[in-house]
Structure formats: C-alpha cells, structure tokens
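Beneath this line is the structure, given in structure tokens, with notes to follow.
Below, each value reflects all heavy atoms present in this structure, side chains not excepted, and no hydrogens, waters or symmetry copies. Below, read A as the first sequence line, B as the second, and so on, with proteins coming before strands; counting in each chain starts at 1.
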There are 2 protein chains.
Amino acid sequence: MNAHDTTVEGAAPRAPAPAPAGAAHEVLAVVFQIRQDRLSVLLWRRARPPFEGRWSLPGGRLGADEGLDDSIRRQLAQKVDVRDLTHLEQLETRGDPCRHPQGRILATAYLGLVPADIDPLVPADTRWHPASDLPPMGFDHAAIVHSGRRRLRAKLSYTNVGFALAPPEFTMSQLSRYYRAALGHDVAATNLRRVLLRRGQIEETGRFVPSGRSGGRPAALFRFRARRLEITDAFAVLRPPGGA
Amino acid sequence: MNAHDTTVEGAAPRAPAPAPAGAAHEVLAVVFQIRQDRLSVLLWRRARPPFEGRWSLPGGRLGADEGLDDSIRRQLAQKVDVRDLTHLEQLETRGDPCRHPQGRILATAYLGLVPADIDPLVPADTRWHPASDLPPMGFDHAAIVHSGRRRLRAKLSYTNVGFALAPPEFTMSQLSRYYRAALGHDVAATNLRRVLLRRGQIEETGRFVPSGRSGGRPAALFRFRARRLEITDAFAVLRPPGGA
DNA sequence: ACAAAAGTGTTCTACCTACACCCATGA
DNA sequence: TCATGGGTGTAGGTAGAACACTTTTGT
C-alpha cells in the first residue's frame, strides 16, 4: 500500500472502507474472427442463473498469483487453441458495483484476434456470433463487445492489425473482404493494396493462386511483413466510400 | 461468477485456485497540467517503505462499494479540487503479481487533465514534475506516466482534448504553446488555428487581448466549442515539423 | 517610423479515392 | 473469343506544412 493512504483517508471522513481482502476479479475476452465474411465474436451460452440462457464473454476468475495477460491466455486456451490467437490487447476494466448481480466483481476485458483460416474446436455451449447481430447477452458484456469492435476498427486504420485477422498468405481480394467485414464498409482491393504496400505493411510472396473454373487472372499472394502490432501511420486512412 | 467457470476450470487441472476473497485493488491517476510551458504530472513523495523517498502516482484503495471512476474522483478530490479536472479517462489496468512488493495489488490507472489557468492547492508532500524529466519513481508508476503521455499525444491529433488543457478562453499563441508542451514539438499557431477552426473544435469569442508593452496586434480570444471529449477526426494531424 | 505580435493568402506536397483501362486465365 | 477476376495508370480532391505578406498595436 501507498504510505499516503492512511494520511489521506484519515483526512477524508467520507472515504468508504476498503474491502479488507479486496474485490473479486475476473478477466474476459472479446475474441473476434472473420467467418464467412462477417466479423464474429466467440460467446458462451449460460446454462445457469444469473442470465440463464443468455450469452456471455469467455473468461473467468483471476488466479491468486496470476498476471492479467496470463490469466486470459490460460482461460482462452480452454476455448481456443492458444497458438491461434494472433493478437491480444487489454481493452478496459469495468468496476461498477452493480455490474454483477451476485456481488462486486471487477472485470478486465481483452481484445483477442484469431486469423480467418483456422477453425478452433470450441465446446458445445460456445458459438461464434456475428458482431453486428448479437444475441441477448448478460451483464455488461454487450457493451464490452462494442468497445472491442470500436477498438479494432480504429486500429485497422493506423496499425498493421490486419495481420491478426488474415491467414499467413492471402490475395488482395481476400484481404479486402476481411477489412470490409471488420470495418463495416466496402474497401477497394485496388487501393488497399497500394496503401498497405506504401506503408510497408505487406509484401508479395512471389506465389500466385490459380484462377477458379470461371477464369480470371491468377491472384498474387501477399503476406504481412510483421506478425506483431506496429503503428504504421499515426494518422489516417480508409474512410468509408463517398467520403461519408 | 460465470456458470461456465466450474465446467472449464474442472477440465483444466493447471488452473490456479482463485483467491477466495479476490485481490486488493487500487486506483491511480496520471494527472497532467501544462505549467510554465511544460507538461507536468502530479506526484506524491513516499514517506515510508516500500520505495521510501521515491515518487508515486496519487490514488489509493478502491472502496468496497465504489465504482472505479467514482473512486479515483474521490481520491483526487483530496489532492486536486475536483471541479478542476476537465477530463478523466481510464488508461490501463496492471496486474503483474510482482508489481507491488507487499503482495498482490491490482491497479487501474486513469488519465486526468487540469486546465493551465488554475493552480490547485496540493499538500506539501505532493509536487508537479515535468513529464519529460521524472524523478525516481516507485512501483511501475513511471511506466504508467509514459502510457498517459502517449495517450494524450495521440488524442490531441484526432480529438478535441485540447479543451481540457486550455483555459476557457485563450489566444492562438497560448494554445500553440500548450500543444507544443504536450506534443513535444513545435506547433505553428497559424496552422493550428486553421486546423482547429476547420474541424469546428474552436470558435472566436469576439473578444481580444490588448498587446503588451512591446506592442503587436491584439490577439483574438478563442474558446473550445465543446467541453467534453469528441472525436473530430478519425484520421490525422499535427505531424512533427520536417515530416519527421 | 519602426519593432513586435497577430492574422491572411498562397504554394507545395503527400496521400487517398475513384475510375478507366490493361492483363492473364478458363471454358 | 469472351467472360471473369486481378492489376496498373491516372486524374481529381482534400488536408496540412511552410512561408511570405499584411494588419494592428506600442514606443
């Protein structure tokens, strides 16, 4: 404890007594993946009250001697193969005393991303839901999903987070579909290619994908140059078409 | 608790036992103010171990039935007059089990801003320090100050946070000095004026400040149009001079 | 009149969007 | 050879940095 606490709290008669042993703490994750061209979140269906039958974010209690990052990684390893999480970052902590009907539980939420090419085995009571069409959710979890969505959208325009959504190699039209799903508006593959190349986010692999039965020129395969988050443009990009 | 927890943790023998009553939790604040053209943080000098004699962020234990925002506001009211906090937002939560030598204490940090025109009465063991020249600090607090600095810098370019640093009315040369202090590089008053006007962040009050003894044209007084955070440009601005 | 500080006008450049056009392939 | 999808070239727009120039004051 800070040595000042006693001084200060002694001088403030309205300071509430701290809970002697502290508050319960849980970690939650908004795990996104692009599935069938839609941004999807991994949710659990609650089998028991409170909020029985509603959906909630995966996560659980923080271990007694566990770091926050370690904890969410551990808990997700039971839902999603840990090697498949290409990105994980802290989102926000919620501490409203009323957020949980069974007493005071603080929650630290994370944003996790899974690349589009894999399909983690998840338990039966767990499902991917489109982020734009959430089922009825318990607690404040729907609001947390929205925070995650906003964060992802913002970071797509000034960082290389795309690497975490895309498979190791991809064509530009695939990538533009991922961006469309995450951003919620059309992204022209033509310009996306130039923007990401100029910023040094992606590079050509030299390989190509043969055209399908309907013909067409073979598509070049690209990859992201870095596999961890980098801020490539402290500034702007990718506004919705029509300047809206 | 989430109904899934028992299921999942039962299936994971390596899950650490949660602390029965939860972990201790504190709230901290990085409070910035521009003083004499330097970005400064409010710090406490620790009178007792651990980290005796080093400096730390103001804050303290979370009350048993207190929200996180409420808690930091309450605790700051004992350091800084609460009406003077023009902006407050959550920064990050740190939960490394080793961050506190006296046991596991989670900390949720906030970023708070005080406008340049006021001078809150702070206790004797509390001082403003230049953010670019921090004294020896305890715990992980120096790292938290850096997070706050990064956040402030970023938000200055795509939101109207300036309102929280500036007094209610200001001249453009004053404002450009605030921006310079916060961003760490020169900001031309001429262009700043146009950028902020175009974005609708500021407006003229119609009043003027008479020139000083050394002459010069009287300066127009401006104000921010909004007094709470708004994202005025999802994209870019204010890169350092020379394109660096 | 001259220095000082504020404000305006103008140019230059970077970056992005949109769109027309060209290229490589399958049937 | 034509439909299909990928890739290139280019024109137009927007925004901001830099800087010269004008305006308004004090001495």
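Per the geometry, CG belonging to A:N191 stands 13 Å off C1' belonging to D:dG12, to the nearest Å. Protein atom CG of A:L192 is 15 Å distant from nucleotide atom C1' of C:dC15, rounded to whole Å. Distance B:R198 CZ to C:dG7 P: 18 Å, rounded to the nearest Å. Atom-to-atom, CG of A:L221 to P of D:dG7 comes out at 9 Å; the value is rounded to the nearest Å. Between the OH atom of B:Y179 and the C1' atom of D:dG16 there is a distance of 15 Å, rounded to whole Å. Nucleotide C:dC16 holds its C1' atom 13 Å from the NE2 atom of A:H185, rounded to whole Å. Between A:R193 atom CZ and D:dG5 atom P the separation is 18 Å, expressed in whole Å.
Of the residues in residues 204-212 of chain A, those lying under 4.0 Å from DNA chain C by heavy-atom distance are A:S211, A:G212. Only B:S173, listed by number, bring a heavy atom of residues 163-176 of chain B to less than 4.0 angstrom from any atom of DNA chain C.
Taking the six-membered ring where the residue is Trp, B:F170 and B:F224 present tilted rings, their angle falling between 30° and 60°.
Closest approach of A:P120 to A:W128, counting heavy atoms only: CG-CZ2, 4.2 Å.
For B:T171, the side-chain contact (heavy atoms from CB on, under 4.5 Å) criterion is met by B:S173, B:Q174, B:V209, B:A219, B:L221, not counting sequence neighbours. When the side-chain contact (heavy atoms from CB on, under 4.5 Å) test is applied to B:A226, the partners found at least two apart in sequence or on another chain are B:N160, B:E230. Checked against salt bridge (Lys or Arg N to Asp or Glu O under 4.0 Å), B:E203 has the following partners two or more places apart in sequence or in another chain: B:R223, B:R225.
Distances were taken from every side-chain heavy atom of B:S214 (C-beta onward) to each of D:dG26, C:dT8, C:dA5; the shortest belongs to C:dA5.
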Under 3.5 Å, sequence neighbours excluded: what are the donor-acceptor pairs made by side chains of residues 30-38 of chain B?
{"from": "B:Q33", "atom 1": "OE1", "to": "B:R35", "atom 2": "NE", "distance (Å)": "2.7"}
{"from": "B:Q33", "atom 1": "NE2", "to": "B:P115", "atom 2": "O", "distance (Å)": "2.9"}
{"from": "B:Q33", "atom 1": "NE2", "to": "B:I118", "atom 2": "O", "distance (Å)": "2.7"}
{"from": "B:R35", "atom 1": "NH2", "to": "B:D119", "atom 2": "OD1", "distance (Å)": "2.3"}

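Across all strands shown, B:A189 has no heavy atoms under 4.0 Å from either base or sugar-phosphate atoms. Using a 4.0 Å heavy-atom cutoff across all strands shown, B:R194 reaches at least one base atom of the nucleic acid.
Note on A:R199: a side-chain N or O is less than 4.0 Å away from OP1 or OP2 of C:dC16.
Both A:P218 and A:A188 lie close to DNA chain C; mapped to their nearest nucleotides by heavy-atom distance, the more 5′-ward contact belongs to A:A188.
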Practice problem: Given side chain to side chain contact (heavy atoms under 4.5 Å, CB included), test A:L43 with A:T126 step by step and report yes or no. | Solution: CA-CA 6 Å; A:L43 299 179; A:T126 290; over 6 Å; no
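Taking 4.0 Å as the cut-off between side-chain N and carboxylate O, B:E92 and B:R151 do not count as a salt-bridged pair.
Contact annotation: side chain of B:R217 to base of D:dT23, donor-acceptor pair present below 3.5 Å.
Here the CG atom belonging to A:L152 is positioned 7.5 Å from the CG atom belonging to A:L183, to the nearest 0.5 angstrom.
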